[in-house]
**Student:** 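I'd like to ask some things about the structure below.
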Amino acid sequence: FKLSALCQLGDTYQDAGEYKKAIETYQNFLQEYPDSIYNDYIQYQLGLTWLKMKNMDSAILAFRKLLKDFPSSKLIDDANYFIGVTYFQKGDFSAARLQLEKFTFESRDSPYRPQAMFLLGESLVNIGEFKAAIEVFQKIVKEFSNQENLRQKAEYEIANTYASMGNEAEANKRFSDFIARYPDSQLSPNIIFWLGQSYFAKKDFSLARKYFERLIRNYPDHEFIGDAFLDMGLSFLEEGNMDVALRNFEQAKEYGRDESQARATLLSGDVYLAKSDLSQALKN
């Protein structure tokens, strides 16, 4: 009962965000009770706590010590997964890719396998192996079709990977298909904004504005609303319609985040200066 209570004490500290106390509790446990049946669990929790503290190297060492010292532990699969997660969060995507590939192949029954495959795809994108990443995301869509959120994220990443490859036509096609099939997805507003920016970059301002207006109309509380007004203002400015541009910049200042508010203010000043309205230019 005492050992169980000590385990729970460390876990309580960890759950409460008191990571230093949790680490101290776990380490003291391992020192005082080197032969306890709980030691693989304690070693695992030690790795998780280091990970939560963003101490990636210590987390990896803790998980690898579990693999070495407790090869028969039921936590082996979990430790292997979190080694991959740690490498990913550390930004070592090559190491994450190797670890997650091994995990997804060897631990087919692990509940962490779907998320491991997704992180594998993300790792491949980050090291520029786009075709391999698309294959992984497509496998997720097929293998985990019953997991709605994961499937949507994988479909989104397939389109996003095509965009990263420079294949905007395929990306646009897939993004458009996504928002048609999943209008209520939390990813749809981001996609709509991306499509607007994509057409804006091609100077197809009319189509770009349709997407920005759709974002504003359907998702009025979204964080990109100010950016949408800003880009619409810029599109009207490109077409020489200063008055409508100014109205959109005012909306950007009202609804935008700090960066879009600042840009809208500067752009408004430039427009008023171009119109020779010096008093309004100075106000902005």
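Note: hydrogens, waters and symmetry copies are ignored here, and every other heavy atom, side chains too, is used. Computed from a prediction, not measured in an experiment: that's the story for all the values here.
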**Student:** Using every non-hydrogen atom in the two residues, find where Leu75 and Asp40 come nearest and quote the distance to one decimal.
**Tutor:**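 Minimum heavy-atom contact is CD1-O, 3.9 Å.
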**Student:** Atom CG in Leu3, atom CD1 in Ile37: separation rounded to 0.5 Å?
**Tutor:**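 The CD1 atom of Ile37 is 8.0 Å from CG of Leu3, to the nearest 0.5 Å.
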**Student:** Would Glu155 and Tyr182 satisfy side-chain hydrogen bond (donor to acceptor under 3.5 Å, both in side chains), going step by step from the backbone distance to the final call?
**Tutor:** CA-CA 11 Å; Glu155 289 186 26; Tyr182 308 118; 3.1 Å; yes
**Student:** Using distance alone, with no hydrogens and no angle criterion, decide if Gln27 and Gln31 have a side-chain donor and acceptor under 3.5 Å apart.
**Tutor:**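 No - no donor-acceptor pair under 3.5 Å links their side chains.
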**Student:** Side chains of Tyr33 and Asn28 only: does a donor on one sit below 3.5 Å from an acceptor on the other?
**Tutor:**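 Side chains of Tyr33 and Asn28: no pair found under 3.5 Å.
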**Student:** Heavy atoms only: give me the nearest Ala22-Gln14 pair and the separation to one decimal.
**Tutor:**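 Where Ala22 meets Gln14 most closely, the heavy atoms are CB-N, 3.8 Å.
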**Student:** Considering residues, nucleotides and ligands other than Asp258, do more than 12 of their heavy atoms fall under 6.0 Å from its CG?
**Tutor:**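 Not buried by this count: 12 neighbours or fewer within 6.0 Å.
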**Student:** Over all heavy atoms of both residues, which pair between Leu51 and Met56 is shortest? Give the atoms and the distance, please.
**Tutor:**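 Answer, listing the atom of Leu51 first, then Met56: CD1-SD, 3.8 Å.
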**Student:** Do Gln45 and Asp11 come close enough that some side-chain heavy atom pair is under 4.5 Å?
**Tutor:**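 Answer yes - side chains close enough.
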**Student:** Taking atom NZ of Lys102 and atom CG of Leu98, what is their separation to the nearest 0.5 Å?
**Tutor:**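 The NZ atom of Lys102 sits 11.0 Å away from the CG atom of Leu98.
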**Student:** Kindly compute the distance separating OG1 (Thr25) from CZ (Phe29), expressed to the nearest 0.5 Å.
**Tutor:**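 Atom-to-atom, Thr25:OG1 and Phe29:CZ are 11.0 Å apart.
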**Student:** So which atom in Ile127 and which in Ser94 form the shortest heavy-atom distance, rounded to 0.1 Å?
**Tutor:**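 Closest approach of Ile127 to Ser94: CG2-OG, 3.8 Å.
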**Student:** If you group Ile, Leu, Val, Met, Phe, Trp and Tyr by side-chain heavy-atom gaps below 4.5 Å, do Tyr112 and Ile76 land in one group?
**Tutor:**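 Tyr112 clusters together with Ile76.
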**Student:** List the steps, then state whether ring pair (Phe, Tyr, Trp, His ring centres under 6.0 Å) holds for Phe118 with Phe137.
**Tutor:** CA-CA 7 Å; Phe118 187 81; Phe137 291 132; 5.6 Å; yes
**Student:** Assess the side chains of Thr104 and Arg113: does a donor N or O sit below 3.5 Å from an acceptor N or O?
**Tutor:**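 On atom types as modelled, these side chains do not qualify, holding no pair under 3.5 Å.
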**Student:** With a 4.5 Å cut-off on side-chain heavy atoms, are Thr49 and Leu46 touching?
**Tutor:**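 Leu46 vs Thr49: side chains apart.
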**Student:** Please tell me whether Asp227 and Tyr255 have a donor and an acceptor in their side chains that are separated by less than 3.5 angstrom.
**Tutor:**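 Asp227 vs Tyr255: no donor-acceptor pair found between side chains.
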**Student:** Is it true that Tyr26 and Tyr13 have ring centroids separated by less than 6.0 Å?
**Tutor:**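 Judged by ring-centre distance (under 6.0 Å), Tyr26 and Tyr13 do not meet the cut-off.
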**Student:** What are the two closest heavy atoms between Asn39 and Ser36, and how far apart are they?
**Tutor:**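 Answer, listing the atom of Asn39 first, then Ser36: OD1-CB, 3.1 Å.
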**Student:** For the residue pair Gln99 / Asn80, report whether a side-chain donor-acceptor contact shorter than 3.5 Å exists.
**Tutor:**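 The criterion, which ignores hydrogens and geometry beyond distance, is satisfied for Gln99 and Asn80.
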**Student:** Around atom CD of Glu259, are there more than 12 heavy atoms of other residues, nucleotides or ligands at under 6.0 Å?
**Tutor:**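 At most 12 heavy atoms, drawn from other residues, nucleotides or ligands, come within 6.0 Å of this atom.
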**Student:** Could you check whether Asp177 pairs with Arg181 (Lys NZ or Arg NE/NH1/NH2 to Asp/Glu carboxylate O, under 4.0 Å)?
**Tutor:**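 Between Arg181 and Asp177 there is a salt bridge, with a charged N closer than 4.0 Å to a carboxylate O.
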**Student:** Any side-chain donor paired with an acceptor under 3.5 Å for Tyr81 and Gln115?
**Tutor:**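 Checked: Tyr81/Gln115 side chains show no N/O donor-acceptor pair below 3.5 Å.
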**Student:** Quick check with a 6.0 Å cut-off and a 45 degree axis cone: is Lys202 positioned over the face of Tyr199's six-membered ring?
**Tutor:**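 So Lys202 does make the cation-pi contact.
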**Student:** If only atom types and distance count, is the side chain of Glu170 paired as donor or acceptor with the main-chain N or O of Tyr162 below 3.5 Å?
**Tutor:**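 No: the side chain of Glu170 does not pair with the backbone of Tyr162.
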**Student:** May I ask you to decide if Ala62's main-chain N or O and Gln43's side chain share a donor-acceptor pair within less than 3.5 Å?
**Tutor:**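 Checked: pair present.
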**Student:** Taking the six-membered ring for Trp and the full ring for Phe, Tyr or His, determine whether the centres of Phe88 and Phe93 are under 6.0 Å apart.
**Tutor:**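 Under 6.0 Å, so yes.
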**Student:** Between Val136 and Met165, is there a shared hydrophobic cluster once you connect ILVMFWY residues whose side-chain heavy atoms come closer than 4.5 Å?
**Tutor:**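 Yes; tracing contacts between hydrophobic side chains, which count when under 4.5 Å, links both residues.
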**Student:** May I ask you to check if Arg263 and Phe249 form a cation-pi contact, with NZ or CZ under 6.0 angstrom from the six-membered ring centre and within 45° of the axis?
**Tutor:**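 Relative to the ring axis of Phe249, which defines the angle, Arg263 lies outside at least one limit.
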**Student:** When rounded to the nearest 0.5 angstrom, what distance separates OH in Tyr156 from CD in Gln186?
**Tutor:**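 Output value for this atom pair is 11.0 Å.
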**Student:** Do NZ/NE/NH1/NH2 and the carboxylate oxygens of Glu101 and Arg97 come within less than 4.0 Å?
**Tutor:**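 Looking at Glu101 and Arg97, the cut-off is met.
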**Student:** Any ion pair linking Asp231 and Arg209 (charged N to carboxylate O, less than 4.0 Å)?
**Tutor:**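 Result for this pair is no, no salt bridge flagged.
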**Student:** Any side-chain heavy atom of Phe224 sitting closer than 4.5 Å to one from Arg257?
**Tutor:**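 Of all side-chain heavy-atom pairs linking Arg257 with Phe224, at least one is under 4.5 Å.
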**Student:** Determine whether the aromatic ring centres of residues Phe205 and Phe200 are separated by less than 6.0 angstrom.
**Tutor:**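 Yes, the ring centres sit under 6.0 Å apart.
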**Student:** Any side-chain heavy-atom pair from Leu246 and Ser268 closer than 4.5 angstrom?
**Tutor:**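 Yes - at least one pair of side-chain heavy atoms lies under 4.5 Å apart.
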**Student:** Do NZ/NE/NH1/NH2 and the carboxylate oxygens of Lys21 and Glu24 come within less than 4.0 Å?
**Tutor:**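 Answer for the salt bridge query: no.
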**Student:** Kindly determine whether Ser145 and Arg151 satisfy side-chain hydrogen bond (donor to acceptor under 3.5 Å, both in side chains), including the steps that lead there.
**Tutor:** CA-CA 6 Å; Ser145 59; Arg151 189 182 75 245; 5.9 Å; no
**Student:** Do the charged groups of Glu122 and Lys153 touch, with an N to O distance under 4.0 Å?
**Tutor:**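 Judged by the 4.0 Å cut-off on N to carboxylate O distance, Glu122 and Lys153 do not form a salt bridge.
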**Student:** Return the CG to CZ distance between Leu120 and Phe105, rounded to the nearest 0.5 Å.
**Tutor:**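 Result: 13.5 Å between the selected atoms.
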**Student:** Quick one, Asn248 and Val244 - any side-chain contact, counting heavy atoms below 4.5 Å?
**Tutor:**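 Yes, close enough: below the 4.5 Å cut-off.
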**Student:** Assess, by modelled atom type and distance only, whether the side chains of Gln8 and Thr12 contain a donor and an acceptor separated by less than 3.5 Å.
**Tutor:**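 No donor-acceptor contact under 3.5 Å links the two side chains.
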**Student:** Strictly below 4.0 Å, N to O, side chains only: are Glu213 and Lys210 in salt-bridge contact?
**Tutor:**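 The answer is no: the pair does not qualify as a salt bridge.
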**Student:** Quick one: does Met232's side chain get under 4.5 Å of Ile216's, heavy atoms only?
**Tutor:**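 They are in contact (side-chain heavy atoms under 4.5 Å apart), so the answer is yes.
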**Student:** Of all the heavy-atom pairs spanning Ile225 and Tyr219, show the shortest one and how long it is.
**Tutor:**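 Closest heavy-atom pair between Ile225 and Tyr219: CD1-O, 3.1 Å.
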**Student:** Could you please spell out the steps behind the salt bridge (charged side-chain N to carboxylate O under 4.0 Å, His left out) verdict for Glu168 and Lys173?
**Tutor:** CA-CA 8 Å; Glu168 286 203 10; Lys173 176 184 174 183; over 6 Å; no
**Student:** Would you say that more than 12 heavy atoms from the other residues, nucleotides or ligands in this model lie under 6.0 Å from the CD of Gln138, or not?
**Tutor:**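 Buried by this count: over 12 neighbours within 6.0 Å.
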**Student:** Would you give the length of the straight line joining atom CZ of Phe229 to atom CZ of Arg247, rounded to the nearest 0.5 angstrom?
**Tutor:**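 Result: 11.5 Å between the selected atoms.
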**Student:** Would you call the rings of Phe63 and Tyr44 parallel, tilted or perpendicular, where under 30° means parallel and over 60° means perpendicular?
**Tutor:**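 Tilted.
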**Student:** Please tell me if the side chains of Ser176 and Tyr211 come closer than 4.5 Å, counting only heavy atoms from C-beta onward.
**Tutor:**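 Contact flag for Ser176/Tyr211 side chains = yes.
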**Student:** Are any non-hydrogen side-chain atoms of Phe193 and Gln197 less than 4.5 angstrom apart?
**Tutor:**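 The answer is yes, as the side chains (C-beta and beyond) meet within the 4.5 Å cut-off.
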